[in-house]
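Residue numbers begin at 1 in each chain, while the letters A, B, ... track the order of the sequences. All heavy atoms count here, side chains included; hydrogens, waters and symmetry mates do not.
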Amino acid sequence: MNPFFNFTENSGIITGNLDTLGSSFVPEKLPHREKEIEHMVRILASIMRKQRPSNLILYGKTGTGKTSAAHHVTKLLSEATGPSTKVIYCNCQIYDSPYSILVNIVNTIKGDTEEQIPSLGWPLDRIYLELMGLLSREGGALVIILDELDKLILKNGGDSLYVILKIIDDSVRTITSIIGITNDAHFIETLEPRIKSRLNQESVVFAPYNADQLRDIISYRLKGVVKEESVEPSAISLCSAIGAQEHGDARKALDLMRIAIEIAVREKRDKLTDREIYEARDKFDMNVVREAITTLPLHSKMVLLSTIISQETSNGQITTGEIQENYRNMAVELGISPLSIRRISDILSELQDYGLLTSITKSLGRYGRTRFFRTNGEISHYRKYLLEDEVLSSFKGSRMVRQARFDSIDQDEAEKFLGNIRDSKPADD
DNA sequence: ACTCCACAGGAAAATTGGGGTA
DNA sequence: TACCCCAATTTTCCTGTGGAGT
């Protein structure tokens, strides 16, 4: 018997495609976002009158439907105007330079029928000219969706945005407009005035969903995917409650539901209850950490491993200096040339951004000012995921000895020093 | 009040490596 | 093949900083 058939036969509770619960799926309707969508439509409607609309900025936390709404509205727009309107979606976490964004725009407009330009090698102005050529040829309208716009500003100031705003001015035959999406409401304030004024934006705020709204959303998305009677109402409520706790994050709530259904199918259970939701949550949290760690570049992994090794032996928070030292030793042992101290400092900040580490900056007076780091999750999990790396797997059995930076100081002082660290309260950010 | 530690983090220079061109 | 351009990454250099010691 082919083992794969086990998975087709008993999918008792499933009646449709689970992908519709994924974050990339754009549903027909977005419950509880009617007002926001109407607002967006009203502004983009200028395109129908061959006028340039204001640029739109969508604010809201993750999983509040900003991206879905942008896709939804632009899809409606395309349907209304036909192929003369081009919509380009650009995630600024991936396309984070003027260069890569322009390449993305040009290649999307060209589509499959024309030869794409290479993602590296061409000078910026040549790509820009190419784009201008395309735009004056195509006419119509161009809507550029810039998702995670704040990441773009963070990375290289307003430069990228400036280039894109320039497209708007320079494209005479094509109406060009931007939809910026961000979860950081303050980022606009950090922009240079010349960019801020050119952005002349309308903003749409996406408030977090509450548990009731999340329940509606989940129920709506579940239609046609699973048998209605096989999902207990309390499971949906629980799922919504968890999503509501996570600042009204519909993405997380839907992800949880999807994982829960997968668990139920795999375990051949015929009902979806709270139990599956709880199991899904545990799995979800683990997966996020695992994904974050295993996809890290080698040097970042080494820095993280240095951190957890130090933390294990000192059972407290450890300083940048200690991590640096461990990292260097590790590099020597592996025969890899270490990165500079400055870079490690940045890597530590990155690890913090990923939520793998937390730090507090503390001044110890005579003993300097430094950050104290601590892992966020289970050290054993971190270690397990890190050691999956081929290069780092050689550290499996071996225990690295913490470099005692107190060798030169006497024991009392060292104790006092450690005491300080333990007593220190985490900063409230 | 002043010093000085051990860094943080900004800015600019240097390196790396893909891709085009002669 | 040698060489130029370019963006991205990393290093080098630098100034700034909070608070225990003095």
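- One finds a side-chain N or O of A:S340 lying less than 4.0 angstrom from the OP1 or OP2 phosphate oxygen of C:dT11.
- Legend: side-chain hydrogen bond (donor to acceptor under 3.5 Å, both in side chains) pairs involving residues 292-309 of chain A, not counting sequence neighbours, sorted by first then second residue: A:H299-A:Y327, A:K301-A:D389.
- Heavy-atom distances under 4.0 Å link DNA chain B to A:R342, A:S345 of residues 341-350 of chain A, given in residue order.
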(Q) Please evaluate residues A:E28 and A:K75 with respect to the criterion salt bridge (charged side-chain N to carboxylate O under 4.0 Å, His left out), reporting the C-alpha separation (whole Å), side-chain torsions for both, the decisive distance (0.1 Å), and the verdict. (A) CA-CA 10 Å; A:E28 280 294 306; A:K75 191 175 150 210; 3.8 Å; yes
Q.
Before you tell me yes or no, could you show the steps for A:I43 and A:V41 under side chain to side chain contact (heavy atoms under 4.5 Å, CB included), namely the whole-Å CA-CA distance, both residues' side-chain angles and the distance that decides it to 0.1 Å?
A. CA-CA 5 Å; A:I43 287 164; A:V41 166; over 6 Å; no
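- A straight line from CD1 of A:I127 to P of B:dG18 spans 17 Å, rounded to a whole angstrom.
- Aromatic pair A:Y209/A:H32: centroids not less than 6.0 angstrom apart.
- Within the structure, every pair that satisfies the side-chain hydrogen bond (donor to acceptor under 3.5 Å, both in side chains) test and touches residues 337-346 of chain A, not counting sequence neighbours, is listed here: A:R342-A:D346, A:R343-A:E350, A:S345-A:R371.
- As rounded to whole Å, 14 Å separates atom P of C:dG18 from atom NZ of A:K362.
- Counting non-hydrogen atoms of neighbouring residues, nucleotides and ligands closer than 6.0 angstrom, the NZ atom of A:K283 exceeds 12 such neighbours.
- Of the listed nucleotides (C:dT12, B:dC4, B:dC7), B:dC4 has the atom at the smallest distance from the side chain of A:R366.
- Atom CZ of A:F372 is separated from atom P of B:dA6 by 11 Å (rounded to the nearest Å).
- Set against C:dG18, C:dT10, B:dC7, the side chain of A:T320 has B:dC7 as its closest nucleotide.
- Between A:S363 and A:Q324, the residue whose closest nucleotide on DNA chain B is further toward the 5' end is A:S363.
- Listed nucleotides B:dT3, B:dA8, C:dG18 differ in distance to A:R369; the shortest reach to its side chain belongs to C:dG18.
- Taking the charged nitrogens against the carboxylate oxygens, A:K384 and A:E388 have no contact shorter than 4.0 Å, which rules out a salt bridge.
- Side-chain proximity of A:L339 to C:dT17, C:dT10, B:dC7: nearest is C:dT10.
- Distance A:I318 CD1 to B:dA6 C1': 15 Å, rounded to the nearest Å.
- Protein atom CD of A:Q352 is 13 Å distant from nucleotide atom C1' of B:dG9, rounded to whole Å.
- In terms of position along DNA chain B, the nucleotide closest to A:G365 lies nearer the 5' end than the nucleotide closest to the other residue of the pair A:G365 and A:R371.
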